[in-house]
2 protein chains.
Amino acid sequence: MILRIPMLNRAQPLARSHSNAQDHILAERKRREKLTQRFVALSALIPGLKKMDKASVLGDAIKHIKYLQESVKEYEEQKKERTMESMVLVKKSQLVLDENHQLSSSSSEGNRDCSSSNLPEMEVKVSGKDVLIKILCEKQKSNLIKIMAEIERLGLSITNSSVLPFGPTFDISIIAQKTSDFDMKVEDVVKSLSCCLS
Amino acid sequence: MILRIPMLNRAQPLARSHSNAQDHILAERKRREKLTQRFVALSALIPGLKKMDKASVLGDAIKHIKYLQESVKEYEEQKKERTMESMVLVKKSQLVLDENHQLSSSSSEGNRDCSSSNLPEMEVKVSGKDVLIKILCEKQKSNLIKIMAEIERLGLSITNSSVLPFGPTFDISIIAQKTSDFDMKVEDVVKSLSCCLS
DNA sequence: GTTTACACGTGAGAC
DNA sequence: TGTCTCACGTGTAAA
């Protein structure tokens, strides 16, 4: 904003040609038009604007910008906090269904303690020569490669795999078959994969 | 903003008392002062403001508000994606594989039934508009059709699916998205799917 | 000299 | 009724 102190000296009015004066009027008109247009555009961006006069538009625009900047600031702080503690926000609640499909909470019974589990979430099952590996991990392509490489390294032969993007994560399911080289316990497979992801 | 169409009729200038005219001038002066002050306040909130004229202040204020609103929107979407709900369905007579790949029952009621009647095993997670459904069930094609049909019936739109044959079972993973029709809790989804498989 | 931007006083509509 | 707000034309000053 250019704040000028006005001169009140009108002793000698400036001589101006007709065309010049008209140009001046026109230019000023154009300027006002632009300003008014922007006032309208600005007011359109402010939610819950009641009074539409210029002063109110400016005032509420100021309030709204302050509010938005505050919001962004909060979000950024939250983001910083989150990256510090990885993905603790994953909230799980486990329910158990009995044969009549009645729901009952089993958090105290504790088949699995899910509340404390972090990513990667992992599950390995074995049925005969088949091995089923399920992993929920952060959405990074390097993770997928690491996992596959590790599985093959352990003496398993991948026969089928599925990678589904799910929110900020990959839901990975892999079917593998034991080769003659493979001689591990399930928990060691979990351990190895968990290690190579961290 | 009150946009008025100006009247150019100056045939009869309104008679005004001296004090009235002076009041008018003063009031208008005050109004302009307020506007100018708010322009200054507004310009102070805009980072990287180069040109300080009123039009630029308004224009950049508009841009900045749009930018901030976009930022807030993104943050809120990220936040939605992060809040993840999860529900695990495990029947009371759960089978567990020990290290020697021997089947043993973990049921507290001493259920030693080692058949696959404990299926289906089910897990439903929600992340924003995404829904992840994982089911381990008997290897019957009818099961797959039942599940898919039920999911669509509930108001979910399947975007990706994976069916992996695993021993005597199917390991099914499905990613779906909520449609406008969908309004269910995770546990109800588990319940519905569990019902339609039994 | 031209362009651009500002504050001013003023008449008039809106509430 | 006054009070508020607006657009207008104008003079002026800096770029």
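Computed from a predicted model, the values in this text were never measured in an experiment. In what follows, chains carry the letters A, B, and so on, assigned in the order in which the sequence lines appear, proteins first and then strands, with residues in each chain numbered from 1.
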(request) Can you tell me the distance, in whole Å, between the CG atom of A:L35 and the P atom of C:dA7? (result) 11 Å
(message) Rounding to an integer number of Å, can you tell me how far A:F39 CZ sits from D:dC6 P?
(response) 8 Å
(request) Give the rounded distance in Å between these two atoms: CG of B:D23 and C1' of C:dT10. (result) 14 Å
(request) Let me know the distance between NZ of B:K54 and P of D:dC6, rounded to the nearest Å. (result) 12 Å
(request) Grab the NZ-C1' distance between A:K51 and C:dC15 for me, whole Å please. (result) 11 Å
(message) Let's see if you can work this out: which of C:dC8, D:dC6, C:dC6 has an atom nearest to the side-chain heavy atoms of B:R29?
(response) C:dC8
(request) Using a strict 4.0 Å threshold on nitrogen-to-oxygen distance, state whether A:K125 and A:E123 make a salt bridge. (result) yes
(message) At less than 4.0 Å, is any side-chain N or O atom of A:R32 found next to OP1 or OP2 of C:dC6? Yes or no.
(response) no
(request) May I have the distance from B:M52 (atom CE) to C:dT4 (atom C1'), rounded to whole angstrom? (result) 16 Å
(request) Can you tell me the distance, in whole Å, between the NZ atom of B:K30 and the C1' atom of C:dG9? (result) 18 Å
(message) Assess whether a salt bridge exists between B:K178 and B:D183, defined as any Lys/Arg side-chain N lying under 4.0 Å from an Asp/Glu carboxylate O.
(response) no
(message) Using a strict threshold of under 4.0 Å (side-chain N to carboxylate O), is an ion pair present between B:K129 and B:E77?
(response) no
(request) Round to the nearest Å and state the distance from B:E33 atom CD to C:dA7 atom C1'. (result) 11 Å
(message) Pairing donors with acceptors under 3.5 angstrom, does anything connect the side chains of B:S56 and B:D53?
(response) yes
(request) Can you check whether any acceptor in the base of C:dC6 is under 3.5 Å from a donor in the side chain of A:E28, or vice versa? (result) yes
(message) Does a side-chain N or O of B:R31 approach OP1 or OP2 of D:dC6 to a distance below 4.0 Å, or not?
(response) yes
(request) Indicate whether any N or O donor in one side chain lies under 3.5 Å from an N or O acceptor in the other, for B:Q177 and B:D130. (result) yes
(message) Between the base of D:dG11 and the side chain of A:H24, is there a donor and acceptor pair under 3.5 angstrom?
(response) yes
(message) Go nucleotide by nucleotide along DNA chain C from the 5' end; which of B:I25 and B:S56 gets its closest nucleotide reached first?
(response) B:S56
